[in-house]
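For the single chain, residues carry numbers from 1 onward in sequence order.
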Amino acid sequence: MFAPEHNRADKWPGAGNLNSKDSMDLSPVSPPLPRRKDVRNIAIIAHVDHGKTTLVDAMFRQTGEFKVKADQAQECVMDSNPQERERGITILAKCTSVQVGETRINIVDTPGHADFGSEVERILTMVDGVLLLIDALDGPMPQTRFVLRKSLELGLRPIVVINKVDRPFADPAKALNATFDLFVDLEASDEQLDFPIIYASGKNGWASEDLHAPSKDLQPLFSAIIQNVPGPIADPDGPLQMLTTMVDYNSYVGRIAIGLIRAGKLERNQTVTLMKQDGRSLSARVMKLYGFFGLERREIASAQAGDIVAVAGMEEARVGDTVASAENPKALPPLEIDEPTLSIEFMVNDSPFSGREGKFLTSRHLRERLEQEMKTNVGLRVEEMALNVFKVSGRGELHISVLIETMRREGFELAVSRPQVILKTENGKVLEPAEYLLVDVEQAYQGVVMENLGKRGLAIKNMHADHHHRVRLEGVITARALIGFKSEFLAQTKGTGLMHHSFHGYIPRAGASTRRPAGALVAKESGLATSYALQSLQERSVLFVSPQMDIYAGMIVGQNSRENDMVVNPCKKKALTNMRAAGTDDITQLTPPRIFSLEQAIAYIEDDELAEVTPKSIRLRKKELDHSLRRKNEKREEDLED
């Protein structure tokens, strides 16, 4: 089962090669460690919506691993999380496998969005190769750049798959040239630049080495994986070593540690040592051992070096811990995860409507839930700031908003603040995170979009037009300037614009924070909104509420047409008289209110405002609900400025 590997894969810089100084060394050995010939560990990485999950589904169907009842069928079986199916993106990395002849291919479907980069970084340490999916029409996109850079830094040699070649207006040759330019831009080695190329249609389930000669199935892709991806380096006779890269939880067996066995063997009921990152060593027992088979996680009796397994019985296991031999424990180097770039304050919902819809309301509930999340979400940081306030830091708006949406569906009520970028200081200079932004718009909207981005400080790096009357802009912009841009962008392009961005790096802080161009309409008193009052308000504003909706004092009910906030009374009722006149009882016609999604609400609010999130509602409000107190605070700030 184990045999030395003599092909040039051993010379890839770190391609899973633990003898390289840039990768994780098990122990100094003179002869090269053998590689498994019956196993391949690969990850699929690409930009959002380039077809990762759909391609894996096709692999399942053609290898017989996909079995689901007709009434339970769904298009992307790998996207098991409800939010993944709703958003159409992969959020959580997942392990699975397919059997091709005598070779088992372990596949990891990784997120394509940079906000979930901590998932990508962990997974790439478990694999020996990657499938880089490129859309034949879109070409390399910002998240393609992000995940490709991570894989090249680890020395992994990718197999480039030009996907969706049957898509209308697809240009595989142009996409391939852009991919090669991206490799050069990311300083790939000569071996990495000599990548195999596969043309595929994941939706129709075929792959081919020749674009003009489509095959009947995915066999060319399977062959390319087996031939070009080396088996995992494994030391079957060494002491047990497994780095925990993912943590799952099951109410029946408790915490489950998932990772790649790098050395030794692991058996059910075996006594092991759990080596923590803080230096502690804890004794543990393998209660259950699972292997990945298709979509299922099946119980197995034993596993050996090179296998990806899930181990139950590790109640203290955290991401980055090492499961080691009880007799000769040796820790593996811990994982290095990029630091958070954005923070949002979570606080107890103290509005007058608190407790109407949710089950979990108190700071104790919030604290316990955030502590639980940190055990599995390694890219998250939580700091208790003051009474009932928690500062949650993550990799971006989407990263934190997915957590908020999950908590909301679990029955939590909370209030969240406007996102704040996390600054850092180097050599006496204050730096802030920047994003690499790509926008694709119709030529008719090019001027207004460029004007908006110019005000936000975009440094344009590339700009070109295609023959479909669309313009693509690429450039670097601060993460702070991007907050609130998406909703404006969609409005300016009438919903036809495309926008993608990924983390670029830290740049010197410059300019003041961008503010919302229009003020808010703030309710003066509590009650039910009336059509009579809203009809007069809609003439100079955009409404966020509809008639007969519950409103409380301090709640934001609309957007003002001017820059300043305005206190209004949306609950005003029509005065009743005993006089009748023509036209006094005309039907009131109201424009439908603007409904915010969670991400839109978070991006819309200012520093003195909050978004109130409950299982059924999303409301905007002022931090200080009382109008007279807000005026006093504003006057005090004006006096301090003078």
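Residue Leu282 is tested with Glu315, Met314, Lys276 for a side-chain contact (heavy atoms from CB on, under 4.5 Å); the sole match is Lys276.
With sequence neighbours left out, His504 forms a ring pair (Phe, Tyr, Trp, His ring centres under 6.0 Å) with no residue at all. Residues passing the side-chain hydrogen bond (donor to acceptor under 3.5 Å, both in side chains) test with Ser597, sequence neighbours excluded: Gln600. Legend: residues meeting side-chain hydrogen bond (donor to acceptor under 3.5 Å, both in side chains) with Glu327, ordered by chain and number and at least two apart, are Ser325. Under the rule for a side-chain contact (heavy atoms from CB on, under 4.5 Å), the partners of Ser363 that lie at least two apart in sequence or sit in another chain are Val348, Arg367, Asn388, Phe390. In this structure, the side-chain contact (heavy atoms from CB on, under 4.5 Å) partners of Arg369, at least two apart in sequence or on a different chain, are Glu373, Leu403, Thr406, Met407, Glu410, Phe412. When the ring pair (Phe, Tyr, Trp, His ring centres under 6.0 Å) test is applied to Tyr506, the partners found at least two apart in sequence or on another chain are Phe503.
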Side chain to side chain donor-acceptor pair (under 3.5 Å) for Glu413 and Thr614? Distances and angles first, verdict last.
CA-CA 5 Å; Glu413 282 193 14; Thr614 69; 5.3 Å; no
Start with the C-alpha gap between Leu148 and Leu186, add the side-chain angles, then the distance that decides, and say whether side chain to side chain contact (heavy atoms under 4.5 Å, CB included) holds.
CA-CA 8 Å; Leu148 179 59; Leu186 296 177; 3.8 Å; yes
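Within 6.0 Å of the CE atom in Met374, the count of heavy atoms belonging to other residues, nucleotides or ligands exceeds 12. Within a 6.0 Å radius of CD in Glu187, other residues, nucleotides and ligands contribute 12 heavy atoms or fewer.
Comment: Arg381 does not engage Glu383 in a salt bridge, judged by the lack of any side-chain N to carboxylate O separation of less than 4.0 angstrom. At a threshold of 4.0 Å, the pair Glu102-Lys37 does not count as salt-bridged, since none of the basic side-chain nitrogens sits closer than that to a carboxylate oxygen.
Using a 30° and 60° split on the angle between ring planes, Phe183 and Phe195 fall in the tilted class, from 30° to 60°.
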